[in-house]
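Data first, discussion second: the structure below is written as structure tokens.
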Amino acid sequence: MPRGTAVIPHSSVAAFPLAIGWDWWLPPDYSVHGHAIDALFICIFWLTSAIFLGVLVTLVYFMVRYRHDPARKKGLFIHGNTRLEIIWTLIPAVILIALAIVTKGVWDNYRYNALASDPDRAQILVVGEQFKWRVVYPGPDGRLGRYLLYPKTTDLQWPQLPPGASFDFPPVPGPAYMKEAEARKVLDNYIDQINPLGKDFSDPDGVDDDWQNSLARPLEIPKGRPVDITLGSKDVIHDFCLPNFRVKLDAVPGMKGHVVFVAEKSSEEFEKPTRKVYTLDDLEKLLADGDWQAIVGPDSPKAFHERRGRHDWLYKDADGTIVRNGGVISSAADETGKTTIQRLRAIGVTQIEAFKPKYWDLICEELCGQGHYTMTDKVIVLEDDAYRKKYGPQSATAGDSTTDPLAAATPR
Amino acid sequence: MTLIAPPPPAASHAYEHEPPSFVRKFIFSTDHKTIGLQFMFMGMIFFAIGGLLAMLIRWQLAWPQRPVPILGAYLHNQGVWSGTTMPPDFYTAVFTMHGTIMIFFVIIPLLVGGFGNYLIPLKIGAGDMAFPFLNGFVFWLAIPAGAIMVASFFLPGGAAAAGWTSYDPLSQVRGHDGRWAPLTAPPYATPSGFSEHLADGWDAIEQGLRIQNAGAPDPKTAGQGDWPGPALVSGFVSCFLMFSYLGAYTMRLGSRPLNWAATILLASIAGLIVLHGIQYAAWDGQSAWFLSLTILGFSSILGAVNYLATIIKLRCPGMTMFRLPLSIWSLFFTSILVLLATPVLAAALTMNLLDHNGLTSFFLPFNWTVANQLQSNSGGGYALLHQHLFWFYSHPAVYIMILPAMGIVSDILAAGARKPVFGYRPMVYALAAIVFLGFIVWAHHMFMSGMNPTLGTTFAVSTMFIAVPSAIKTFNWLGTLWGGNIRYTTAMCNAIAFVLMFVVGGLSGIFMASTAVDVQVHATYFIVAHIHYVLFGASTFGIFAAIYFWYPKMFGRMMNEKLGKIHFVLSFIAFNCTFFPMHILGIQGVPRRVASFESYGMFDHFAPMNQFISISAFVLGAAQVFFIVNFIGSWIWGPRAPRNPWQATTLEWETSSPPPHGNFQKVPVVHHGPYEYSSPLVEEDWLPQTRWVEGAPGAPRP
């Protein structure tokens with residue numbers, strides 16, 4: 001069977017609402033390849049449930065029917081039945097072989113995704129470190145530079161600096177000219193302050209990369225277009241897991257991983273229905289489920305207009321800004337000790353336009369140390385044109401990049 | 001294979017030597033029964049420790065910000081915790097040690113060391129193991145391993161906290177004083193550093209083996225590398241005991257006081273030397289973990305050699321291979337697994353230990369940093385190599401943990417149902433198939449590791465296949481019950497629970513065997529549920545069954561049936577309430593090994609379910625009190641046990657309860673298979689193996 005061909009079981013049979021509002025079933029899936037995975041899961045679920053029920057019923061029946069009866073002095077004196085053995089060897093074997101074949105199709109569809117060579121795919125570099133994710137976007141040229149290349153204490157020259165940065169290197173040509181321990185201290189400072197990603201500043205492809213704010217930023221991906229995530233890790237094995245997109249792959253130091261998937265729904269599709277003008281009382285109740293985001297514009301009553309910063313319109317009081325356009329409305333108290341809603345009420349605002357932001361979880365699913373349980377990030381799916389506007393056109397030639405951002409760093 | 005043991009000597013060996021001293025009889029025994037009991041008690045003590053760790057896990061997950069009762073106040077007052085709530089690095093160490101202790105110090109010692117030792121010679125009609133002295137050494141080698149593992153809690157940085165799988169590079173990120181601090185260079189790791197210290201010789205090695213953390217105090221003055229008091233004492237005592245065992249049987253200086261004095265002296269010196277070496281290698285919790293398991297691995301391998309030699313060579317006349325009880329077959333196959341797999345673990349652990357001491361970089365790649373600091377032993381290593389080596393052992397290890405229980409359950413089901421085991425030969429062939437296939441499925445633990453996806457597919461296929469022999473065995477167990485005359489003793493209840501829980505655990509394994517579905521369930525609570533269904537639901541209920549069944553033979557007393565039934569019912573219900581909901585958590589994507597779920601928006605609503613699981617876990621722990629009370633109380637006050645209280649057919653029931661040294665008054669002669677229950681040839685519903693009756697089938701077919 002050629003790679004990428006998935007024998008997809010028909011999933012409607014079992015989209016049975018076993019979740020009675022308690023979220024006891026698979027989480028919603030918003031990726032293309034994920035539907036086949038879910039269908040296979042449901043297949044195996046019904047198969048194993050049937051087997052379990054069969055065994056349970058048989059067992060309980062035997063336990064009751066053949067319990068000790070003093071009148072019956074003995075049990076059946078039988079050592080076995082060869083034909084039965086053959087039957088119950090072959091039938092499970094056939095079922096399991098079939099499962100294995102179907103699995104291969106679904107698995108190949110996920111890991112050997114044909115879209116991995118799609119020239120229009122969006123490439124993103126995700127690097128894990130204890131205990132945050134770093135996300136690097138390739139910039140307008142659509143190409144990622146080279147990363148995770150750190151200087152060594154045996155280098156003859158000091159590492160390159162990014163344009164506009166300055167660093168006090170000692171007055172020798174390179175770290176090899178210094179004592180090991182001292183050279184390492186200098187390089188550690190360089191890595192920490194200037195170049196935590198190990199970026200190769202001499203690479204022309206990486207000049208326009210969006211890497212400076214990579215630490216713990218939300219992962220934004222386009223809808224309906226293949227996303228090619230290159231996975232790396234700086235220190236220990238992490239795992240890039242998007243439960244709502246059926247994506248999971250370990251990020252291993254010294255290796256480069258690739259995951260390609262397509263998101264089917266955008267955050268906006270979930271946010272649009274919630275976007276309305278709310279009274280403050282209504283909004284306060286809704287905040288119990290999580291933070292909302294405010295829309296403040298020229299039509300918003302009692303709003304101020306500020307020329308500083310990207311967000312021009314905002315609400316403010318004597319203590320300062322309450323909430324900007326696109327800012328967070330939270331049920332938690334802020335530094336003034338009051339909640340957003342309370343401060344808005346105090347300045348006489350009675351209603352505000354807001355929406356519930358939709359994002360999904362990026363979870364680290366391989367133990368990476370004591371902060372493993374905090375290593376999460378947000379995933380936001382943007383409409384494709386919004387994504388291209390923000391992160392670059394990703395033209396047809398861009399995806400043709402033969403340079404893997406981690407190729408130089410991972411010789412294997 | 002019809003190897004039969006050579007004709008026995010005229011008199012049994014047991015009566016050839018003078019009665020042993022107290023020390024040789026009860027402490028440094030070479031009698032397999034005593035050693036078996038020693039392993040059993042070791043396993044039960046560690047079961048309590050591992051169980052306490054489990055309770056801590058469940059407390060943290062159900063009530064993440066609440067102070068931990070008793071332990072919180074104690075650790076806070078000792079200055080270990082800054083408050084009374086559990087810090088996340090402590091939690092990480094707790095689940096690591098829970099898994100490690102339960103696997104290596106509870107299930108394997110209980111099943112393989114305890115019941116393997118006790119049952120093999122008895123059931124094959126031998127007087128003792130092939131190598132009794134080696135047998136004792138196997139136990140006394142396991143004791144320092146256990147001591148080092150317990151000591152690891154008290155070493156700098158606390159116990160190992162990289163999961164029981166200790167994946168690299170996390171297990172190489174050294175902890176010091178509770179902080180995860182990166183390793184910086186030992187002086188000789190680079191050319192410039194090397195020449196400076198070349199002249200120092202021993203000093204260079206000494207310094208290289210210690211940690212030099214940037215900003216940490218000088219190792220020599222800080223006393224780093226020296227173990228704290230309690231750890232030193234337990235380490236010394238355990239090494240002393242091990243060497244004393246050797247001395248007890250090798251010293252021949254003429255008089256007993258002289259032998260004792262020499263043994264004590266030499267054992268102390270040897271213990272001190274070894275302890276000094278241990279402190280170098282095992283300077284923190286993680287390296288102690290590596291060392292402890294390496295030592296335990298040697299113990300396992302020696303034990304496996306003993307079992308195989310015994311089963312192959314010491315069977316009594318008439319005991320052909322296909323007249324062996326299935327418990328012996330399973331121990332035979334388990335020993336093959338141990339023999340072939342454990343050396344690979346030893347290799348993995350040794351490589352890890354060398355990496356951890358900064359000498360090598362087997363698993364540590366180029367361009368490796370921790371907390372933005374370059375690591376000195378970053379070299380061309382491969383992180384996945386550890387996983388391959390580790391799992392090459394650890395997958396057969398899980399079969400090591402289940403196979404003896406399967407064999408024991410077959411014995412008990414036959415005795416309880418008063419019927420031969422259904423499909424004896426297919427059961428043996430299924431065991432063989434599990435052993436063979438068990439060596440070619442290891443990378444199903446690594447589907448998401450980043451290894452080649454095609455490699456994943458090949459392992460998915462082999463993993464699917466290994467479900468077949470397990471299915472065969474399950475159907476044969478059901479067949480054993482069919483048409484029986486079932487007596488519901490506590491042992492029988494536990495054995496039947498084994499079958500059902502094993503089915504659940506095995507079926508959940510099919511989800512993971514499929515690489516595609518594993519995308520969703522890998523590293524989630526679904527795996528935790530699967531693990532516990534097979535290891536607790538199957539293996540542990542199998543251990544309970546074995547204890548209830550052979551307690552009369554071991555201790556000469558009957559256990560209390562009422563208490564046993566209460567223990568069983570409570571455990572069974574609490575066990576299912578604890579672990580079944582974890583399947584649900586898992587398919588939602590709830591990750592394992594996390595100290596709390598509060599960072600994840602999507603799992604907030606599982607707090608009530610977590611609390612339900614924790615309460616069930618506490619009930620499960622409390623239910624074991626009935627077992628302990630029954631165990632100890634029956635030993636003291638239980639009614640005397642007859643020779644064959646269960647009216648079973650195998651050889652151990654032909655000798656007294658407990659058996660004498662040498663096991664049998666006369667070497668038994670076997671005439672037919674092990675499960676001739678309800679035979680029409682005799683009036684009773686059981687036909688012992690040693691009783692000759694015309695027309696009895698020699699060996700069971702199928």
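Letters A, B, ... are given to chains in the order of the sequence lines, protein chains preceding strands, and every chain is numbered from 1.
Contact annotation for Phe603(B): only side-chain heavy atoms (C-beta onward) come within less than 4.5 Å of a heavy atom of chain A. Both the backbone and the side chain of Phe511(B) have a heavy atom closer than 4.5 Å to some heavy atom of chain A. Interface residue Thr374(A): backbone and side-chain heavy atoms are both found under 4.5 Å from chain B. Heavy-atom distances place no part of Thr463(B) under 4.5 Å from chain A, backbone and side chain included. For a residue to count as touching a neighbouring chain, one of its non-hydrogen atoms must lie under 4.5 Å from one of that chain's; by this rule Val519(B) touches chain A with backbone and side chain alike.
The OH atom of Tyr91(B) lies 14.0 Å from the CD atom of Gln370(A); values are rounded to the nearest 0.5 Å. Summarising the geometry, atom OG belonging to Ser449(B) is positioned 8.0 Å from atom CG belonging to Leu249(A); distances are rounded to the nearest 0.5 Å. We find the CG-CG distance between Leu507(B) and Leu47(A) to be 8.0 Å, quoted to the nearest 0.5 Å. If you take CG on Asp361(A) and OH on Tyr600(B), they are separated by 9.0 Å, rounding to the nearest 0.5 Å. Note: His522(B) NE2 to Asp239(A) CG = 5.5 Å, rounded to the nearest 0.5 Å.
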Assess the residue pair Tyr112(A) and Thr454(B) against the criterion (side chain to side chain donor-acceptor pair (under 3.5 Å)); give the C-alpha distance rounded to whole Å, side-chain angles, the decisive distance to 0.1 Å, and a yes or no. CA-CA 9 Å; Tyr112(A) 292 124; Thr454(B) 307; 2.6 Å; yes

Could you walk me through whether Val504(B) and Phe52(A) satisfy the side-chain contact (heavy atoms from CB on, under 4.5 Å) test, starting with their C-alpha distance in whole Å, then the side-chain angles of each, then the deciding distance to 0.1 Å, before giving a yes or no? CA-CA 7 Å; Val504(B) 177; Phe52(A) 173 68; 3.3 Å; yes

Check the pair Lys74(A), Arg418(B) against side-chain contact (heavy atoms from CB on, under 4.5 Å), reporting the backbone distance first and the verdict last. CA-CA 7 Å; Lys74(A) 292 187 182 176; Arg418(B) 318 307 292 162; over 6 Å; no

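At a cut-off of 3.5 Å, with distance as the only test, a side-chain donor of Glu85(A) or Asn476(B) sits close to an acceptor on the other residue. A side-chain donor from one of Asn372(B) and Lys234(A) sits under 3.5 Å from a side-chain acceptor of the other. Using modelled atom types, one finds no donor on one side chain facing an acceptor on the other under 3.5 Å when comparing Thr515(B) with Tyr110(A).
For chain B, the option among Thr82(A), Asn244(A), Ile78(A), Ile91(A) with the highest count of heavy-atom pairs below 4.5 Å is Ile78(A). Of the listed residues (Ala430(B), Ala523(B), Gly484(B)), the one with the most heavy-atom contacts under 4.5 Å to chain A is Gly484(B).
Here the side chains of Ile97(A) and Met464(B) are not in contact, with every heavy-atom distance at 4.5 Å or above. Contact annotation: the side chain of Phe475(B) approaches that of Pro92(A) to within less than 4.5 Å [non-hydrogen atoms, C-beta and beyond].
Residues passing the side-chain hydrogen bond (donor to acceptor under 3.5 Å, both in side chains) test with Tyr190(A), sequence neighbours excluded: Asn195(A).
Ion pairing between a basic and an acidic side chain is recognised when a charged N comes within 4.0 Å of a carboxylate O; Glu366(A) and Arg593(B) show such pairing.
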